[in-house]
Structures are given as C-alpha cells and as structure tokens.
Colleague: 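The structure is given below, and queries will be raised subsequently.
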Amino acid sequence: MSNLKEILINKKICKSVWFMRQAGRYLPEFRKIRSQNQNFINLCLNSELSSKITLQPIERFNLDSAIIFSDILMVPYALNQKVEFLKNHGPKLEIFNLDKFLKNNDLDFIKKLKPVYKAIEITRKKLSKNKSLISFIGAPWTLLVYMIGAKQNKDQIDLKIINEKNNEIDLILEKLINYLCLHIENQIKAGADVVQIFDSWAGLIPQKDLNSFCYVPNSKIVKFCKKKGIPVICFPKGIKENYKVFNNLVKPDGLNIDYNVNPNWARENLKGTVIQGGLDPKILLLPDEEIYNSARNYLDAFKGLPYVFNLGHGMLPETNPDKVDRLIKFYREY
Ligand code: 1CP
C-alpha cells in the first residue's frame with residue numbers, strides 16, 4: 001500500500017509529500033510540451049503526453065504521489081459545453097444551456113473522458129507500486145461557477161448570475177453529483193487509488209448557502225466514495241472557521257487546509273480526519289530560510305499526528321523548481 005493510502009485509511013503516521021499543481025506551469029519540461037500543444041483540452045486528451053507530464057515531477061523530485069494531469073473543466077467539456085483556455089485569460093466556456101445540459105447521458109460522458117482513463121492506466125503501469133496515483137474532480141459548486149459564467153476575475157463571482165439561476169441551481173448540482181461520481185469510479189477503475197475534490201471557490205459562497213452549495217454536494221460524493229472504499233480528500237478552499245463545520249458534516253478521510261487556516265487551530269478543531277497541506281505557495285518565492293520556517297510551523301503543529309505535507313493552494317507558475325527540491329529535502333530530513 002502507498003504511504004498516502006496508509007495515512008488516509010489506517011491513520012498511520014508516516015512521511016508523505018506531494019504538491020497541488022505539481023505537474024505543469026512552473027516546470028520547464030512541461031512548458032516545452034505545452035509550447036508544442038497550443039490546445040489545452042487536446043493536451044489533456046492526449047493520454048501518452050498526459051501520462052508523461054504526470055510523471056515529470058515524480059522523476060524530478062521523487063515525490064510520494066502523482067496527480068493525473070487533467071483539469072476539473074474536462075467535466076463540462078464531457079457534458080458538451082465548449083471549453084477553451086485563452087492565453088493570459090484563463091478558461092472560457094460556451095454559454096450554459098439547461099436543456100442541452102439535461103440531454104447528456106452517462107455513456108457519452110464516459111466515452112468523451114476515455115483518454116483520461118487511458119492516461120491513468122498508462123501512468124499506473126509506469127509508477128512504482130509504493131506511490132499513489134491521485135485522481136481528482138472539481139466540486140459541483142466550483143464547476144457550476146465556471147459553467148454558468150459566474151466567475152468574474154481572480155477571486156470574485158457575480159452573485160447576480162447565481163441569483164438569476166436560483167431555481168435551476170439545485171437541479172444542476174444534483175446532475176453534476178451523478179456525473180462526478182461516475183468520473184471518480186472510472187478513474188479508480190483505471191488505476192487511481194485516491195481522489196481529491198477541489199472546491200476552489202467554496203469561499204465565495206454566501207454563508208446562508210454553504211449548506212446546500214458546499215456541505216451537501218461534498219457529503220454526497222464523500223458518501224459515494226466511502227461506499228466504494230475509495231479514499232477521499234476534500235479541499236473546500238477559503239471557508240475559514242467553517243472548515244470545522246465542513247469536517248463534522250462531510251467527514252472526508254483527508255482535509256486539505258488552505259493557507260489562511262492556522263495549523264494550530266486546525267489541530268485542535270479538525271479532529272478525526274487526516275490534515276493535508278496548508279503552506280502558502282507564495283512562500284516558495286521567498287528566501288530558503290523563510291520557506292523552512294514556514295514549513296516547520298506546519299510540521300511542528302502536526303507532530304505525532306498523521307499529516308500529508310502539501311501546499312495551501314496550487315504551486316504558482318513563477319516558482320523556481322530548485323526551491324521545491326530543497327523544500328522536499330528539508331521535509332524529509334525534519
Ligand atoms: O496554460 C497552461 O499551461 C495551462 C495551465 C493549467 C494546468 C497545468 C490549467 C488551466 N490546468 C492545469 C492542470 C490542472 N488543473 C491539474 C493537474 C496538474 C497538477 O495538479 O499537478 C489540476 C489538479 C487542476 C485543477 C484545477 N483546474 C482547479 C482546482 C485547483 C485550483 O488550483 O484551485 C481549477 C480551479 C482549475 C481551472 C483552471 N485550469 C486552468 C486554469 C487557468 C484554470 C482557471 C483558474 C482560475 O479560474 O483562476
């Protein structure tokens with residue numbers, strides 16, 4: 001069993017490190033492939049290349065887990081909503097159409113995602129047995145924000161759009177939950193052994209809607225995973241002290257904290273789950289001593305507890321890979 005699974009399932013205290021967004025943007029070997037593949041969706045659908053990119057950070061840093069190179073927006077793509085990634089602009093999705101969305105079916109959905117499952121198969125064969133292959137999905141709310149075009153700029157959503165669609169939202173979330181469970185099941189069948197749920201925009205949900213937009217959808221997916229024996233890590237980014245409510249209601253095997261969650265608070269308030277991450281990715285842009293001091297904060301806080309070393313959000317594109325290498329060495333020597 002991989003050490004990540006040992007920690008999540010048996011709550012074993014052992015070392016395990018991987019980083020969100022470890023494959024991609026900041027690695028020169030990724031940039032080279034990316035420059036020859038302008039269409040990002042097509043790159044994600046190229047199973048050989050996707051597998052190669054997944055393994056790049058493992059070869060460079062010998063991390064304990066690989067995360068499959070794909071994107072959360074492959075799900076709207078597979079639900080027949082056109083997705084484009086524009087240079088310096090981020091993702092652009094075709095205008096949402098409820099009737100079209102409701103016409104989707106399981107078989108076509110799986111068929112469109114076959115290349116992702118194939119990439120997982122190829123990667124599992126190449127990855128050493130003691131390493132985890134992590135699959136992932138975007139949480140229903142986070143996907144919905146992109147699908148109905150409610151994402152404005154960096155950290156804002158247009159609540160007007162959410163309110164206008166209020167009577168459709170529950171239906172869309174419910175359908176998404178079904179498709180996402182299907183996507184998880186197929187990723188696991190292909191050879192992934194853990195799933196992480198990215199609720200990147202959970203922090204933008206008004207307090208009154210947290211239950212129906214965040215806790216309930218995540219709960220339903222976690223229940224599905226538990227029924228199937230799939231270890232699951234949740235990442236409801238930005239919900240502050242509501243992490244405690246989330247943990248008590250959703251009860252995932254693992255909970256990734258973001259960089260605004262104090263690790264000592266997390267140790268006292270987030271019981272019964274394995275904590276993962278927390279370190280601010282911006283710290284990796286600072287001098288080494290500051291990186292080590294910050295890492296030490298997390299390692300001291302979770303001493304004697306099962307803890308997965310990781311970041312509090314994705315690796316930034318401007319990160320120097322040599323600093324990542326030294327951080328991993330620091331962690332292993334700690
Ligand atoms: O231009 C490029 O080269 C593409 C950059 C890129 C990469 C490398 C995007 C575009 N997606 C990815 C891969 C990716 N995305 C992975 C696999 C690689 C890895 O983790 O090692 C994963 C797990 C994701 C997940 C993802 N995509 C999230 C959740 C995590 C998070 O960072 O919050 C989100 C929100 C997305 C959407 C997305 N994909 C890409 C962009 C530019 C965006 C939009 C981000 C935004 O709206 O701010």
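Indexing begins at 1, ligand by ligand and atom by atom, following the structure's order.
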Colleague: I'd like to know if the side chain of Asn42 pairs up with that of Asn37 as donor and acceptor (distance under 3.5 Å, no hydrogens or angles considered).
Modeller: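 Their side chains do not contain a donor-acceptor pair, so the 3.5 Å distance test is not met.
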
Colleague: Show which atoms of ligand 1 fall inside a sub-4.0 Å distance from at least one heavy-atom site of Phe69.
Modeller: 8 (C), 13 (C)

Colleague: Determine whether the aromatic ring centres of residues Tyr307 and Tyr298 are separated by less than 6.0 angstrom.
Modeller: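 Here the rings of Tyr307 and Tyr298 have centres that are no less than 6.0 Å from each other.
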
Colleague: What atoms of ligand 1 come closer than 4.0 angstrom to any heavy atom of Lys151?
Modeller: 46 (C), 47 (O), 48 (O)

Colleague: Within 45° of the ring axis of Tyr77 and under 6.0 Å from its six-membered ring centre, is that where the NZ or CZ of Lys112 lies?
Modeller: yes

Colleague: Consider every N or O of Thr142 and every N or O of ligand 1, then say whether any pair is closer than 3.5 Å.
Modeller: no

Colleague: Using a plain distance cutoff, I'd like to know if Asp71 has any nitrogen or oxygen under 3.5 Å from a nitrogen or oxygen of ligand 1.
Modeller: yes

Colleague: Do we see a donor-acceptor contact under 3.5 Å between the side chains of Asn130 and Asn3?
Modeller: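 The criterion, which ignores hydrogens and geometry beyond distance, is not satisfied for Asn3 and Asn130.
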
Colleague: Only heavy atoms of Arg25, strictly under 4.0 Å: list the atoms of ligand 1 that pass.
Modeller: 5 (C), 8 (C)

Colleague: Within a distance under 4.0 Å of any heavy atom of Ser200, pick out the atoms of ligand 1 and give their elements.
Modeller: 29 (C), 30 (C), 31 (C), 33 (O), 35 (C)

Colleague: Any donor-acceptor pair under 3.5 Å linking the side-chain atoms of Trp18 with those of Gln276?
Modeller: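 Distance-only check passes for Gln276 and Trp18.
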
Colleague: Angle between ring planes, Phe61 versus Tyr26, binned at 30° and 60°: parallel, tilted or perpendicular?
Modeller: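 Phe61 vs Tyr26 ring planes: parallel.
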
Colleague: Examine the side chains of Trp265 and Tyr243 and answer whether a donor and an acceptor come within less than 3.5 Å of each other.
Modeller: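 Looking only at side-chain atoms, Tyr243 and Trp265 do not form any donor-acceptor pair under 3.5 Å.
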
Colleague: Please determine whether any non-hydrogen atom of Lys87 lies less than 4.0 Å from an atom of ligand 1.
Modeller: no

Colleague: May I ask which of Pro91, Pro57, Ser50, Ala66 has a heavy atom nearer to atom 44 (C) of ligand 1 than the others do?
Modeller: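 Looking at heavy atoms only, Pro91 sits closest to atom 44 (C) of ligand 1.
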
Colleague: Applying the side-chain contact (heavy atoms from CB on, under 4.5 Å) test to Ile137, which of Ile221, Leu176, Ile72 qualifies?
Modeller: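 Of all the options given, the one that passes is Ile221.
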
Colleague: Under 6.0 Å between ring centres, would you say that holds for Phe198 and Phe136?
Modeller: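 Ring centroids of Phe198 and Phe136 are less than 6.0 Å from each other.
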
Colleague: Does ligand 1 have an atom that lies less than 4.0 angstrom from a heavy atom of Tyr146?
Modeller: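 Flag set, Tyr146 near ligand 1.
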
Colleague: Under 3.5 Å, is there a donor on one side chain and an acceptor on the other for Lys52 and Asn46?
Modeller: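 Their side chains do not contain a donor-acceptor pair, so the 3.5 Å distance test is not met.
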
Colleague: Decide whether a cation-pi geometry holds between Lys15 and Phe309; the criteria are a distance under 6.0 Å from NZ or CZ to the six-membered ring centre and an angle within 45° of the ring axis.
Modeller: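 Checked: cation-pi criterion not met.
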
Colleague: With only distance considered, is Phe40 within less than 3.5 Å of ligand 1 through an N or O on each side?
Modeller: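 Between Phe40 and ligand 1, no N or O pair is found under 3.5 Å apart.
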
Colleague: Show me which atoms of ligand 1 lie under 4.0 Å from any heavy atom of His313.
Modeller: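 The atoms of ligand 1 under 4.0 Å from a heavy atom of His313 are 31 (C), 32 (O), 33 (O).
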
Colleague: Looking at Tyr117, is Lys189 sitting on its ring face, NZ or CZ under 6.0 Å from the six-membered ring centre and within 45 degrees of the normal?
Modeller: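 That pair does not qualify as a cation-pi contact.
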
Colleague: Assess Phe30 for proximity to ligand 1: is some non-hydrogen atom of it under 4.0 Å away?
Modeller: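 Flag set, Phe30 near ligand 1.
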
Colleague: How far is atom 34 (C) of ligand 1 from its nearest protein heavy atom, and which residue and atom is that?
Modeller: Ile72 CD1, 3.5 Å

Colleague: Which of the atoms of ligand 1 are close to Phe85, meaning less than 4.0 Å from one of its heavy atoms?
Modeller: 10 (C), 39 (N), 40 (C), 41 (C)

Colleague: Students should be able to answer this: which protein heavy-atom is nearest to atom 18 (C) of ligand 1, and at what distance?
Modeller: Ala23 O, 3.2 Å

Colleague: Can you pull out the closest protein heavy atom to atom 2 (C) of ligand 1? Residue, atom name and distance to 0.1 Å, please.
Modeller: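 Answer, as residue, atom name and distance: Arg34 NE, 3.1 Å.
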
Colleague: Compare Phe235, Phe136, Trp18, Trp201 and give the one whose heavy atom is closest to atom 23 (C) of ligand 1.
Modeller: Phe136

Colleague: Provide, to 0.1 Å, the distance between atom 19 (C) of ligand 1 and the closest protein heavy atom, together with that atom's residue and name.
Modeller: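 Answer, as residue, atom name and distance: Arg21 CA, 3.3 Å.
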
Colleague: Report the part of Ser70 (side chain from C-beta onward, or backbone N, CA, C, O) that has a heavy atom under 4.0 Å from ligand 1; answer both or neither where that applies.
Modeller: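 Answer for Ser70: backbone.
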
Colleague: In terms of atom number and element, which parts of ligand 1 are under 4.0 angstrom from non-hydrogen atoms of Ile67?
Modeller: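 Once the distances to Ile67 are compared, the set is 19 (C), 20 (O), 21 (O), 23 (C).
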
